[in-house]
Number of protein chains: 2
Amino acid sequence: MRLNRLTDYAVVMLAHIGRPGRESGPEAGGRRVVTAAEMAADSGVPLPTVAKLMKLLAQAGILASQRGALGGYRLARAPERITMAEIIAALEGPIALTACVDGREGDCEVESLCPMRGNWDKVNRAVRQALDAVTLADMSLEPQRFPPVAAAAAARPVAQAS
Amino acid sequence: MRLNRLTDYAVVMLAHIGRPGRESGPEAGGRRVVTAAEMAADSGVPLPTVAKLMKLLAQAGILASQRGALGGYRLARAPERITMAEIIAALEGPIALTACVDGREGDCEVESLCPMRGNWDKVNRAVRQALDAVTLADMSLEPQRFPPVAAAAAARPVAQAS
DNA sequence: CTTATACGGTACCAAATTAGTCCCCTATTG
DNA sequence: CAATAGGGGACTAATTTGGTACCGTATAAG
């Protein structure tokens with residue numbers, strides 16, 4: 001159920017690219033251009049790994065790449081129009097919880113006992129919808145510095161304990 | 001994004017237990033009792049693996065176990081009241097797409113660039129809801145023997161091709 | 001037109017998960 | 001008390017994943 005580390009990195013980086021950025025210049029096409037090397041430096045993730053990720057995201061049409069000197073990557077669209085489902089699909093393939101899905105047959109060795117070929121689609125559809133509803137913009141929001149629960153605890157210091 | 005094979009097996013087996021069953025006897029508590037060995041034979045999954053699975057499902061309160069001769073497993077509740085979310089959580093831990101979740105801190109090494117601690121919760125909540133909405137009963141339904149598309153093709157045999 | 005920058009692609013290796021196995025213990029029925 | 005059936009933990013093999021290396025191609029600046 002957990003998604004792999006690379007996908008996690010990807011979301012963090014995409015959110016980072018999407019955010020305004022400190023030393024913002026003219027910015028081609030209205031969106032920030034960032035190099036893989038920059039991303040690596042900013043994130044601590046090793047450069048070759050970052051490069052691989054960016055590549056995949058570019059192929060999926062989530063990032064637009066510019067080769068050569070002064071090149072780099074920028075979001076292909078506004079963050080509001082990039083969904084989690086898309087990002088995850090780009091890095092982990094189609095969103096489907098099991099192998100016996102989407103018409104692909106013959107992979108399921110226990111077909112004898114498995115009259116549920118179609119039932120998984122219900123689950124997959126549900127999950128896909130859930131992930132379509134969350135955009136990169138949602139993920140880019142800076143949450144309040146302290147979570148609500150901590151704030152509440154601070155407001156009512158030590159009382160009622162014991 | 002894919003869930004592991006064991007979880008897949010588990011759903012198949014639970015659905016199997018939930019279904020009426022051919023040689024149904026009196027059935028303790030109104031629900032079918034099945035042994036791990038039976039499940040292994042029916043499914044082709046090796047017995048030790050089945051045993052491990054059933055054990056976990058029993059611990060999670062999804063199956064009720066009966067030890068000793070004539071023992072076995074049965075559903076702890078009606079299939080309508082067992083959700084996918086529950087089954088998945090039982091076998092893969094809490095439903096959360098990333099490690100930096102649910103208050104657990106210190107696992108995320110890239111916290112410097114990662115102002116998204118709370119944002120993942122949106123995604124997790126969405127997925128959890130999606131999986132809560134699908135029950136074991138939904139997964140137990142026998143889909144029509146031929147999928148709609150094949151049926152349509154059969155009704156309109158060879159015409160219009162080429 | 002040459003050089004430096006930066007992305008593109010492929011193949012490969014090492015480390016971490018995951019699936020599956022083994023062995024022995026405890027409970028229940030007849 | 002013998003046979004059946006689940007409970008628990010440790011270990012091993014196989015896959016998957018993350019990360020690396022190397023070389024090619026495009027673009028901008030001088």
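First the proteins, then the strands, lettered A, B, ... as listed; each starts at 1.
- The CG-C1' distance, from Asn4(B) to dT17(D), rounds to 15 Å in whole Å.
- Of the side-chain N and O atoms in Arg5(A), one or more sit less than 4.0 angstrom from OP1 or OP2 of dG19(D).
- The nearest whole Å value for the distance from the CG atom in Leu56(A) to the P atom in dG19(D) is 14 Å.
- Taking only side-chain atoms of Thr35(B), from C-beta outward, the nucleotide of dT21(C), dG18(D), dA5(D) with the closest atom is dA5(D).
- Proximity of Ser65(B) to the phosphate of dG7(D): a side-chain N or O atom is located under 4.0 Å from OP1 or OP2.
- In this model, the phosphate group of dG9(C) is approached by a side-chain N or O of Gln59(A) to a distance below 4.0 Å at OP1 or OP2.
- The CZ-P distance, from Arg2(A) to dA16(C), rounds to 18 Å in whole Å.
- Asn124(B) places a side-chain N or O within 3.5 Å of a backbone atom of Leu97(B) that can act as its donor or acceptor partner.
- Distances shown here put every side-chain N or O of Tyr9(A) at or beyond 4.0 Å from the OP1 or OP2 atom of dT17(D).
- Taking atom CG on Leu3(A) and atom P on dG18(D), their separation rounds to 10 Å, with Å as the unit.
- No donor-acceptor distance shorter than 3.5 angstrom exists from the side chain of Lys122(A) to the backbone of Val134(B), with no hydrogens or angles considered.
- Proximity note for Thr49(A) (side chain, C-beta onward) versus dG19(D), dG6(D), dG8(C): the nearest is dG19(D).
- Residue Leu91(A) contributes atom CG, which lies 13 Å from atom C1' of dT17(D) at whole-angstrom precision.
- Residue Arg67(B) places no side-chain atom within donor-acceptor reach of the base of dT28(C), judged by atom type and a 3.5 Å distance cut-off alone.
- Between Lys55(B) atom NZ and dC22(C) atom P there is a gap of 14 Å when expressed in whole angstrom units.
- Formation of a donor-acceptor pair under 3.5 Å by the Arg31(B) side chain with backbone atoms of Leu75(B) is found in this model.
- Rounded to whole angstrom, the span from the CG atom of Leu47(A) across to the P atom of dG18(D) amounts to 17 Å.
- In this structure, Met39(B) atom CE and dA5(D) atom C1' are separated by 15 Å, rounded to whole Å.
- Residue contacts shown for Pro46(A) are limited to sugar-phosphate atoms, with no base heavy atom under 4.0 Å away.
- Crowding of Arg77(A) atom CZ: a count of heavy atoms from other residues, nucleotides or ligands under 6.0 Å exceeding 12.
- The residue Ala36(B) sits close only to the backbone: its heavy atoms come under 4.0 Å of sugar-phosphate atoms, none of a base.
- A donor N or O paired with an acceptor N or O is not found under 3.5 Å between the base of dG18(D) and the side-chain atoms of Lys52(A).
- No side-chain donor-acceptor contact under 3.5 Å links Thr135(A) and Glu80(A).
- Between Gln66(A) and Pro48(A), the one whose closest nucleotide on DNA chain D sits nearer the 5' end is Pro48(A).
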